[in-house]
Amino acid sequence: MQNIQTFFDFDAVSGTSAELATEEEISVVRDEFDRLEAAALRNRSQTVATLSTISSIVAQSSSPPFSFIDPHTTGLMAIGHAIDSLRLLDIETSDLTVRGLEARVAADLSRQFVALAATGVIAEIPDSEDVATWGKNVVDKLLCRKEHGSQIDSLFDMENNRFYEFSHALLEEYTRSGAIYVRPTAACLTLYLGTLTQGIGDIQTALAAVIQRQIARGEYHAALQTAHEHQRITRQHGEKIRTLRRKILANAGRYSWGSSVLPEIQIAQRDVEDAISADTALEELLDSSMDTLPKEKRPLAQRVLLVIKSCRNAYRELQTLAMELPRLYSSCIASQGFASSHIPLPSMHNDVFIPLFNEVFEPKALLAACDIVNAVFATPRPALLHDVIAVTELLLKPVSSSEMIDTSPDGDEMLDEEDLALSIFDAITIDKARKTIALMADAGGTRLSDIMKALEPEGFTEESVAAAIMISAAWAHNRNHDGRYAVSRTYRRFASQVCSGDDYLVELKGAENDQR
Amino acid sequence: MISVDAVDMAAEIIEYGLSPRKGQSSRRVLQLVAAYLANTDGTRTAAQTMAKRFGLSITSVTEEGVVLSKEPEHDSIFMPKRDDVVKEPGTEARLLRGICNAAILACAYQRQQALYSDSVQTVTSEEVYEFLVEAAAKMTLENGEAPASLKGITEAARIVERMKADSFSEKGGKPRKQTLRGQIDIAFKYFTDHGLMLKDSEDAGGTYKTLPELRVRLQTEGAQEIAYAVLSAVKASSVDAAMKEAMNG
């Protein structure tokens with residue numbers, strides 16, 4: 001236990017002279033150094049794991065002309081689009097949809113193809129469809145969709161001597177107002193913004209110092225570039241603080257206040273305060289030097305000032321967020337209650353599927369478990385109103401042309417089978433029904449029940465109903481189908497999965513007279 | 001004192017929870033969420049009281065949506081009957097639906113941490129099929145019996161082995177209902193119909209994305225409830241096996 005020291009104790013110990021240091025103290029110093037080394041190693045291995053995703057885009061470039069594309073620039077530009085779409089003051093929210101990002105990547109690729117065609121490397125620019133497909137592949141790769149490689153690596157932690165799971169996707173999808181958007185992951189922000197071992201607070205302080213020097217030397221172009229870096233890291237800093245907030249919100253009870261939450265909150269608050277004071281100092285410096293600047297340099301200095309101001313405003317928001325964290329923690333502890341704060345959520349794979357599939361031999365027990373699984377997803381639904389007149393009125397109500405078009409994204413076959421009563425047959429369905437009737441009647445006459453038997457098991461449910469309606473209507477109208485076939489009643493009935501009715505005989509005209 | 005506006009907003013929150021696919025303008029949702037969280041003019045009190053009367057409880061109100069669930073020990077006219085959940089009557093359909101649902105969840109939330117994260121998870125029909133078939137094959141192999149006999153393997157694996165053969169309808173090439181793929185599609189359809197998942201594309205037999213309501217439902221109580229049910233099924237099954245063994249012995 002004595003070897004467990006905090007960062008601050010290390011400072012104190014390192015201040016003692018070597019002569020006075022006891023063996024125990026030296027071992028503490030070494031332990032602390034090893035801990036920092038292990039942390040640095042962890043950061044670096046996580047960075048390399050994240051980076052591997054971009055390098056794996058190369059593996060996709062198999063056939064020309066795509067093999068000439070630079071996958072690294074393409075991947076980094078795609079990440080850049082996602083990072084730039086983040087709002088500075090609300091860095092969890094981006095305004096870029098997955099489709100939007102795919103389109104941008106396709107546009108980036110097109111630029112490369114134009115350059116390749118201009119230098120004669122490729123004969124012609126590929127189809128926009130092919131480019132779009134490749135753009136989609138790049139985005140899929142960055143999202144680490146399962147079919148494009150694992151999202152999770154098992155990394156070794158030198159500090160604790162054990163393996164841990166590390167998710168290295170560069171982008172992640174999230175929903176907002178019913179639409180799916182894409183945003184960079186925390187790992188991606190860390191990688192893209194080049195943080196390796198230093199804390200974010202330290203980097204921001206260093207950047208502020210660099211900007212100060214650049215302003216003092218009058219290098220405003222360089223200062224603007226550094227200010228942009230500062231702005232990007234502000235986003236990353238926000239993400240870090242919000243991750244802490246998410247962690248608390250998800251399950252505050254898993255983190256103890258004294259050893260885990262409080263130190264993290266204190267670091268976050270201190271970093272934010274440092275950043276605000278650094279930005280304020282920069283603002284003052286810029287403001288005071290503005291009047292003395294030559295005219296041509298003023299617009300540039302104004303832009304630097306704007307960037308710094310936006311960062312300071314963002315940090316003010318983050319400061320409020322960081323200040324609220326202690327209160328959030330206590331309210332989460334209170335609302336999450338004993339059960340959820342002490343028992344972590346079960347794993348859907350290890351705690352649910354595996355035992356359900358591998359260890360339940362008894363059908364009754366399996367059924368009881370399955371019923372619970374099914375019941376969890378029974379979402380409350382508005383009660384059905386059994387009012388025949390209201391339903392009839394609803395069905396008779398004229399609809400606008402846009403309402404008539406079936407826009408449901410999953411208008412699949414099963415849906416058609418279940419909602420037959422309300423579906424309207426399309427031309428292809430009617431044509432298939434008509435052809436089947438003709439084919440079977442031409443081959444020496446057939447019954448409606450036989451036509452149904454031929455259509456239904458093959459999945460042509462709608463066609464079978466269409467055929468039944470056509471033949472019944474033909475008999476009721478003039479005993480004539482399609483002008484070529486005679487329809488006569490057999491006084492038997494047929495019954496299929498979806499409909500039943502009187503059975504009819506369908507024959508080529510003339511044939512029915514021959515038989516009689 | 002609860003205002004009429006607050007009652008109106010409370011009713012709108014419950015309506016939104018009952019028909020999540022209706023879609024609300026994001027500005028309106030934010031207004032509702034803010035009024036609920038801050039209990040403006042008693043909006044939250046009104047919403048909770050009204051929901052309770054209908055046998056519902058409001059699980060979560062965020063800008064991602066409103067999640068309602070059944071109030072424990074209270075019948076609700078809004079709760080679907082079992083027949084609504086599983087259209088085909090009978091044990092087999094319930095078993096199949098349960099196994100498919102468990103497999104979908106296992107594929108969607110492969111990592112335990114995924115349940116804590118608000119990022120969207122992607123799962124495909126093909127992936128769930130492969131997952132089930134592999135699990136059954138592994139069990140048959142470990143069992144050492146001839147695969148055809150299906151002796152000594154669990155009921156779930158038996159069902160998968162029996163239904164895994166593919167058969168597609170001529171029209172559109174969709175998997176038939178009586179096959180494992182067809183049942184997986186039906187299970188996915190239930191998730192999409194109830195605003196728990198979203199069908200993104202037709203790739204890999206159908207690519208689906210999880211919506212926040214599914215995660216919230218699992219986080220709040222669903223995951224625990226399912227895990228306990230599975231645990232007691234395992235226990236019941238082993239007790240039963242021990243009794244049979246004792247009787248035979």
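Sequence lines set the chain letters: A, B, ... in the order given, protein chains first and strands last, and positions in each chain run from 1. As the structure is a computational prediction, the values presented were derived from the model and not from experiment.
Counting heavy-atom pairs closer than 4.5 Å to chain B, the top-ranked of the candidates A:Pro346, A:Ala369, A:Pro355 is A:Pro346. The most heavy-atom pairs under 4.5 Å with chain B, out of A:Leu366, A:Val360, A:Thr175, come from A:Val360. Chosen from B:Ile99, B:Leu95, B:Ile159, B:Leu214, the residue pairing most often with chain A at heavy-atom distances under 4.5 Å is B:Leu95. Each of B:Ala236, B:Ala135, B:Ala227 has some count of heavy-atom pairs under 4.5 Å with chain A, and the biggest count is that of B:Ala135. Contacts with chain B were tallied for A:Lys364, A:Glu172, A:Glu362; A:Glu362 has the most, counting heavy-atom pairs under 4.5 Å. By number of non-hydrogen pairs under 4.5 angstrom with chain B, the leading residue of A:Ile180, A:Val352, A:Leu367, A:Val98 is A:Leu367. Of the residues considered (B:Ile226, B:Leu196, B:Leu132, B:Leu218), B:Ile226 shows the highest number of contacts with chain A, using heavy-atom pairs under 4.5 Å. With respect to chain A, the highest number of heavy-atom pairs below 4.5 Å among B:Val67, B:Leu231, B:Leu198, B:Asp200 belongs to B:Asp200.
Contact of B:Ala136 with chain A is made through backbone and side chain together, with heavy-atom distances under 4.5 Å. Looking at A:Glu359, the atoms closer than 4.5 Å to chain B (heavy atoms on both sides) sit in the backbone and in the side chain alike. With a 4.5 Å cut-off on non-hydrogen atoms, B:Lys235 does not touch chain A at all. Neither the backbone nor the side chain of A:Ile354 comes within contact range of chain B; no heavy atoms are under 4.5 Å apart.
For the pairing with B:Tyr208, the side chain to side chain contact (heavy atoms under 4.5 Å, CB included) check across B:Lys199, B:Lys189, B:Gln121 returns one residue only, B:Lys199.
Judged purely by atom type and a 3.5 angstrom limit, A:Ser94 uses its side chain to pair as donor or acceptor with the backbone of A:Val182. Checked by atom type and distance alone, the side chain of A:Ser347 pairs as donor or acceptor with a backbone atom of A:His349 at under 3.5 Å. A donor-acceptor pair under 3.5 Å is absent between the side-chain atoms of B:Arg217 and the main chain of B:Ala223, judged by distance alone.
Here the side chains of B:Phe188 and B:Val128 are in contact, with some heavy-atom distance below 4.5 Å.
In this structure, A:Lys432 forms a cation-pi arrangement with A:Phe460, its terminal cationic atom sitting closer than 6.0 Å to the ring centre and no more than 45° off the ring axis.
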Might you work through the salt bridge (charged side-chain N to carboxylate O under 4.0 Å, His left out) test for B:Arg181 and B:Glu126, ending with a clear yes or no?
-> CA-CA 8 Å; B:Arg181 282 186 203 273; B:Glu126 185 68 40; 3.1 Å; yes
Take B:Ile186 and B:Arg97 through the test side chain to side chain contact (heavy atoms under 4.5 Å, CB included) and record every step on the way to the result.
-> CA-CA 8 Å; B:Ile186 292 173; B:Arg97 177 64 61 82; 3.2 Å; yes
